[in-house]
Structures are given as structure tokens and as C-alpha cells.
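See below for the structure under consideration.
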Amino acid sequence: MSHEEKISYVQQAMVHGCPSYFGLNENEVSQLAPDKLEIEFDCAKNWNGEE
């Protein structure tokens, strides 16, 4: 999955209520460094729909 696809995945998860590990909003995700994006992406992938 490309960097841009991961950003989109995380943003969509956040729109549906997934909390950000770093306390960001959807618009700030695109500014993350690749290593921090990996953390957000992993959290979004493993989010089960409950906060």
C-alpha cells in the first residue's frame, strides 16, 4: 500500500470515529512522517469500531 493510500485509509477510519494515536484530525494525517503514519495506519487497521 502506498503512502497516499495509507493516508486515505487512516482519514476514512477517522471520519468513521477511529481515534488518532497522536490526537490529530483527518487533515493533519497527510503531514505525518512515514514512521508516524505507520503507527496511525496500524491503529486504524486494528480499530474495532469502539473507542
Review point. Does a side-chain heavy-atom distance below 4.5 Å link V29 with M14?
Key: yes
**Study point:** Considering all heavy atoms, the nearest E28-G23 contact
**Key:** OE1-O, 4.5 Å
Review point. NE2 of H16 to CD of Q11: how many Å apart, nearest 0.5 Å?
Key: 13.0 Å
**Study point:** Path from Y21 to V15 over hydrophobic side-chain contacts below 4.5 Å
**Key:** no
Study note, to complete from the structure: Rounded to the nearest 0.5 angstrom, the OH-OG distance for Y9 and S2 is 14.0 Å
Practice item. To the nearest 0.5 Å, tell me how far E26 CD sits from C18 SG. Key: 10.5 Å
Practice item. Cation-pi check, K36 to F22: give yes when NZ or CZ is under 6.0 Å from the six-membered ring centre and within 45° of the ring axis, no otherwise. Key: yes
Exercise for review: Report yes or no: do W47 and V10 belong to one cluster of Ile/Leu/Val/Met/Phe/Trp/Tyr joined by side chain heavy-atom distances under 4.5 Å?
Suggested key: no
Review point. What do the steps show when you test I39 against L32 for side-chain contact (heavy atoms from CB on, under 4.5 Å), and what is the final call?
Key: CA-CA 10 Å; I39 294 168; L32 283 173; over 6 Å; no
Practice item. Write down the atom of N46, the atom of D42, and the distance for their closest heavy-atom approach. Key: ND2-O, 2.8 Å
Practice item. Rounded to the nearest 0.5 Å, what's the gap from CD1 on I7 to CD on E40? Could you check? Key: 11.0 Å
Exercise for review: List the steps, then state whether salt bridge (charged side-chain N to carboxylate O under 4.0 Å, His left out) holds for K6 with E38.
Suggested key: CA-CA 8 Å; K6 289 179 182 179; E38 284 299 321; 2.3 Å; yes
Check your understanding: After noting the C-alpha distance and the side-chain angles of L37 and H3, does the key distance pass the side-chain contact (heavy atoms from CB on, under 4.5 Å) rule?
Key -> CA-CA 8 Å; L37 176 61; H3 184 79; 3.2 Å; yes
